[in-house]
Enquirer: 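Got a structure here, written out as structure tokens. Questions coming.
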There are 2 protein chains.
Amino acid sequence: MESQVALAQTLKIGEVANRSGLTVKTIRFYCDEGLIRPISRSDGGYRLFADGVFSELALIRTLRAMEIPLPDVRQILEARRSGVCTCTDLKARIRSKAGEIGDRITAMQNLQSELFALLNSWEACGGRTPAAAAPELVGANR
Amino acid sequence: MESQVALAQTLKIGEVANRSGLTVKTIRFYCDEGLIRPISRSDGGYRLFADGVFSELALIRTLRAMEIPLPDVRQILEARRSGVCTCTDLKARIRSKAGEIGDRITAMQNLQSELFALLNSWEACGGRTPAAAAPELVGANR
DNA sequence: CTTGACTCTCCACCTAGGGGAGAGTGCATC
DNA sequence: GATGCACTCTCCCCTAGGTGGAGAGTCAAG
């Protein structure tokens, strides 16, 4: 045992999962992929995590919400961990991703208006417009 | 070539790919999944398509851009092909999907402003150690 | 007939995880 | 010490929507 007297509390994977809201499977997967690392293993081989894992998982969540691929996320986390200032790099990435997201928003807006145009064109299509009667949406879809 | 009867013109997969902008692989895949069907096969087994495939592929593209899963796309195409008026159903689906897209646009806009907030908070870290920077991103996500 | 481009089928791989099997561990209780 | 139960381990297969390659066969021009 290490002499980590102060706050030597370690967490097993289930507790990390519960607190982070991720699944045990996912956390194990992130370990396998090298995104996070347990500070040690128990004698029986259980992964043991420190509190710091939660901020890393939160960062992973944010980055994943931007659809940054896992290898990139890993890189960012490694740099962050190493103490090297990744601000410039990270910020550049995020800025670029934010730009991409902007593009995607535009694309989706275009798609949406395309869809409405499509709906209108179908109104006039051959198949006997059913919208003459109340165009209630059947939305029970899904 | 000019003496050929224009009506009987069939297209091999490569030409369909070129004209539609999809890859040969993808078209083959759509055939395998039953989304489209070659009108026949050559003696050697080549898939032969009719012109009508392009409108189907265009529809597939639009639907896929909405992330409608392939089984649903297949259903829509089958109904369309069968002559049954799918306007009501299809339009309901599309309307519902358009709504979802609207939600996603909103989510993305939220994510984007979150990101800009994140960038600003990092601006304040002054280019030093990035560890434990921007703790507010932790809960803000999701 | 030969050549080269095209196409065929089959299988493996990708991302980001999820499901489950079968075996082992940690801890409280008897 | 023994038992019971929850937890965890590794390993393998599965998903969607394709992509890539291997090896074999086909088509059309020269």
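In what follows, every chain begins at residue 1, and chains take the letters A, B, ... in the order their sequences are listed. Every value quoted in this text rests on a predicted model; they were computed, and no experiment measured them.
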Enquirer: Should B:L22 and B:I60 count as side-chain neighbours, where that means a heavy-atom distance under 4.5 Å?
Expert: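 Of all side-chain heavy-atom pairs linking B:I60 with B:L22, none is under 4.5 Å.
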
Enquirer: For A:K97 and A:E100, run salt bridge (charged side-chain N to carboxylate O under 4.0 Å, His left out): C-alpha distance rounded to whole Å, both residues' side-chain angles, the deciding distance at 0.1 Å, then the answer.
Expert: CA-CA 5 Å; A:K97 284 294 172 182; A:E100 278 176 36; 3.5 Å; yes

Enquirer: Using atom CG of A:D72 as one end and atom C1' of C:dA16 as the other, report the distance to the nearest whole Å.
Expert: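 To the nearest whole Å, that distance equals 14 Å.
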
Enquirer: Side-chain N or O of A:R41 less than 4.0 angstrom from OP1 or OP2 on D:dT10?
Expert: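 Indeed, a polar side-chain atom of A:R41 lies that close.
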
Enquirer: Side-chain polar contacts of residues 35-50 of chain B - donor-acceptor pairs under 3.5 angstrom, sequence neighbours left out - could you list them?
Expert:
{"unit_1": "B:R41", "atom_1": "NH1", "unit_2": "B:G45", "atom_2": "O", "d": "2.9"}
{"unit_1": "B:S42", "atom_1": "OG", "unit_2": "B:G44", "atom_2": "N", "d": "3.2"}
{"unit_1": "B:S42", "atom_1": "OG", "unit_2": "B:G45", "atom_2": "N", "d": "3.3"}
{"unit_1": "B:S42", "atom_1": "OG", "unit_2": "B:Y46", "atom_2": "N", "d": "3.0"}

Enquirer: Taking salt bridge (charged side-chain N to carboxylate O under 4.0 Å, His left out) as the test, write out the residues that go with B:E33, two or more places apart.
Expert: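 Listed in chain order: nothing, the list is empty.
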
Enquirer: Short of 4.0 Å, heavy atom to strand atom, which residues of residues 12-24 of chain B count as contacting DNA chain D?
Expert: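 The answer is B:T23.
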
Enquirer: A:R47 CZ to C:dG26 P: how many Å, rounded?
Expert: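 Result: 14 Å.
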
Enquirer: For B:I27 and C:dC6, give me the distance from atom CD1 to atom P, rounded to whole Å.
Expert: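 Going from B:I27 (CD1) to C:dC6 (P), I get 14 Å.
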
Enquirer: Flag the pair A:R64 / A:R61 as yes when at least one side-chain heavy-atom distance between them is below 4.5 Å, and no otherwise.
Expert: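 SC-SC contact between A:R64 and A:R61 ruled out.
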
Enquirer: Can you figure out which of C:dC8, C:dG17, D:dG17 approaches the side chain of A:R64 most closely?
Expert: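 For A:R64, the side-chain atoms sit closest to C:dG17.
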
Enquirer: Can you tell which of C:dG17, D:dT19, D:dG18 lies closest to the side chain of B:K25?
Expert: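 Per side-chain heavy atoms of B:K25, the pick is D:dT19.
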
Enquirer: In chain order, what residues pass the side chain to side chain contact (heavy atoms under 4.5 Å, CB included) check against A:D72, with sequence neighbours excluded?
Expert: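 Counting only residues at least two positions away or on another chain, A:D72 forms a side chain to side chain contact (heavy atoms under 4.5 Å, CB included) with A:I68, A:P69, A:Q75, A:R93.
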
Enquirer: Are the side chains of B:Y30 and B:V53 in touch, meaning some heavy atoms are under 4.5 Å apart?
Expert: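 Result no, sub-4.5 Å side-chain heavy-atom pair not found.
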
Enquirer: Within this structure, what is the CG-CZ distance for the pair A:L70 and A:F29, rounded to the nearest 0.5 Å?
Expert: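 A:L70 CG to A:F29 CZ: 5.5 Å, rounded to 0.5 Å.
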
Enquirer: Within this structure, what is the OH-to-P distance between B:Y30 and D:dG17, rounded to whole angstrom?
Expert: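 Atom-to-atom, B:Y30 to D:dG17, this comes out as 9 Å.
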
Enquirer: Please compare A:Y46 and B:D43 by the position of their nearest nucleotide in DNA chain D and report the one closer to 5'.
Expert: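 Result: A:Y46.
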
Enquirer: Taking DNA chain D as the partner, which of residues 32-40 of chain B come within under 4.0 angstrom of it by heavy atom?
Expert: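 None, since no heavy atom is under 4.0 Å.
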
Enquirer: Rounded to the nearest Å, what distance is computed from the CG atom of residue B:L48 to the P atom of nucleotide D:dC27?
Expert: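 That distance rounds to 9 Å.
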
Enquirer: Both B:S42 and B:P71 contact DNA chain D. Which one's nearest nucleotide lies toward the 5' end?
Expert: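 Closer to the 5' end of DNA chain D: B:P71.
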
Enquirer: Is there a side-chain polar atom (N or O) of B:T26 under 4.0 Å from OP1 or OP2 of D:dG17?
Expert: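 For D:dG17, neither OP1 nor OP2 has a side-chain N or O of B:T26 closer than 4.0 Å.
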
Enquirer: Rounded to the Å, how far apart are A:I68 CD1 and C:dT15 C1'?
Expert: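 Interatomic distance, CD1 of A:I68 to C1' of C:dT15: 15 Å.
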
Enquirer: Give a yes or no on whether a salt bridge exists between A:E15 and A:K12, defined as a side-chain N under 4.0 angstrom from a carboxylate O.
Expert: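 Salt bridge between A:E15 and A:K12, a charged N being under 4.0 Å from a carboxylate O: no.
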
Enquirer: How close or far is atom P of D:dC27 from atom CG of B:L11, stated in whole angstroms?
Expert: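 About 16 Å, once rounded to whole Å.
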
Enquirer: In whole Å, I'd like the distance from the CG atom of B:L63 to the P atom of D:dG18.
Expert: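 Between P of D:dG18 and CG of B:L63: 12 Å.
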
Enquirer: Which listed nucleotide (C:dT9, D:dG18, D:dC9) is nearest to the side chain of A:R28?
Expert: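 Nearest listed nucleotide: D:dC9.
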
Enquirer: Tell me, please, which residues at least two apart from B:Q109 pass side chain to side chain contact (heavy atoms under 4.5 Å, CB included).
Expert: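 Result, side chain to side chain contact (heavy atoms under 4.5 Å, CB included) vs B:Q109: A:I105, A:Q109, B:I105.
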
